[in-house]
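Before any comments, here is the structure.
Computed from heavy atoms alone, side chains included, the values below leave out hydrogens, waters and symmetry copies. Counting starts at 1 for both ligands and their atoms, in listed order.
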Amino acid sequence: MFVTFEGIDGSGKSTQAQLLARALRADGREVATTREPGGTPLGERIRELLLNGQDMSPWAEAALFAAARAELVEQVIAPALESGKVVVCDRYVDSSLAYQGIARGLGVDEVLQLNEHATGGLFPDRTFLVLVDLATAAARARSSDRIEREGGEFQRKVDQAYRELATMFPDRIATVDGDRAADDVAEEIRGRIRQLS
Ligand code: ADP
Ligand code: TYD
């Protein structure tokens, strides 16, 4: 089973990815966790370029995220799934659809096509989109990378983009209200995962 977490910076998705992985391990499941961009030696170098490097054109950005993702699928995600593990990924293709496809304006279909090639068509069984108030997210977010420094208006666009994606892919993307205690959010997510497995 392949599960991904999505949301704007500070939504609490990394926290939820960790809590789900811990709960699944407690249930005796073998779990592999990854983060994007990164998760492989090449991916971590690309992460550095993307988050701490110079400004770049939107397609260069989309292509670099896709390159890091291609490596992650081949080196980590596909082998883990083949060996029967549950894979829990903090961000995946929907991040590129929201940030590059919609917020940067490259187009959902165009960025989706790039990522279909990069991932060999591997899509999650379930994606949890953690939705929070923009002010809550801004108060929670700690790190500030090149993309986060785009500011509040960009975060608002990304938030809207994610909500659009949830309506475009209703069978795969489940939205959860992240404006609650982390444990309450985690409990709801575990309930929804049990329905799947
Ligand atoms: P993201 O990965 O979406 O950027 P994180 O999971 O890293 O968000 O959370 C950002 C910060 O907010 C962390 O300090 C985390 O402990 C805190 N946090 C996460 N979820 C909640 C929650 N439901 N309520 C309050 N604080 C939270
Ligand atoms: P990340 O380090 O996950 O941010 P955080 O830990 O704060 O949640 O992601 C880094 C940034 O990269 C984040 O602002 C979102 C952006 N991003 C994209 O624009 N496209 C992508 O495909 C991915 C995976 C991330």
[X] side chain vs [Y] backbone, donor-acceptor pair below 3.5 Å:
| X | Y | value |
| --- | --- | --- |
| Asp145 | Glu148 | yes |
| Gln100 | Pro58 | no |
| Arg156 | Leu134 | no |

Checklist entry - Among the heavy atoms of Gly7, does any lie under 4.0 Å from an atom of ligand 1? => result no

Checklist entry - Any non-hydrogen atom of Gln16 lying under 4.0 Å from ligand 1? => result no

Item to check | Heavy-atom protein contact below 4.0 Å for atom 6 (O) of ligand 2 | outcome: no

Indicate yes or no: does an N/O atom of [X] lie under 3.5 Å from an N/O atom of ligand 1?
| X | answer |
| --- | --- |
| Ser14 | yes |
| Val185 | no |
| Ala182 | yes |
| Arg140 | yes |

Item to check | Protein contact of atom 1 (P) of ligand 1 - nearest heavy atom, named by residue and atom, plus distance | outcome: Lys13 NZ, 3.4 Å

Item to check | Ring center gap for Phe2 and Tyr92 short of 6.0 angstrom | outcome: yes

Do [Y] and [X] meet the salt-bridge criterion of a basic N to acidic O distance under 4.0 Å?
| X | Y | value |
| --- | --- | --- |
| Arg192 | Glu187 | no |
| Asp159 | Arg163 | yes |
| Glu6 | Lys13 | no |
| Asp94 | Arg172 | yes |

Mark up the atoms of ligand 1 that fall under 4.0 Å of a heavy atom belonging to [X], in ascending order.
| X | result |
| --- | --- |
| Ser11 | 3 (O) |
| Gly12 | 1 (P), 3 (O), 5 (P), 6 (O), 8 (O), 9 (O), 19 (C), 20 (N) |
| Arg180 | 22 (C), 23 (N), 24 (N) |
| Ile8 | 3 (O) |

Checklist outcome for this item: Under 4.0 Å between heavy atoms, the region of Asp145 that gets near ligand 2 turns out to be side chain

Item to check | Selection from Thr15, Asp179, Leu19, Asp184 by shortest heavy-atom distance to atom 19 (C) of ligand 1 | outcome: Thr15

Do ligand 2 and [X] have nitrogen or oxygen atoms that lie under 3.5 Å from each other?
| X | answer |
| --- | --- |
| Arg47 | yes |
| Tyr92 | no |
| Ser14 | no |
| Glu61 | no |

Checklist entry - Does Arg35 come within less than 4.0 angstrom of ligand 2, counting non-hydrogen atoms of the residue? => result no

Checklist entry - With distance as the sole criterion, is a donor-acceptor pair present between the side chains of Arg69 and Asn115 under 3.5 Å? => result yes

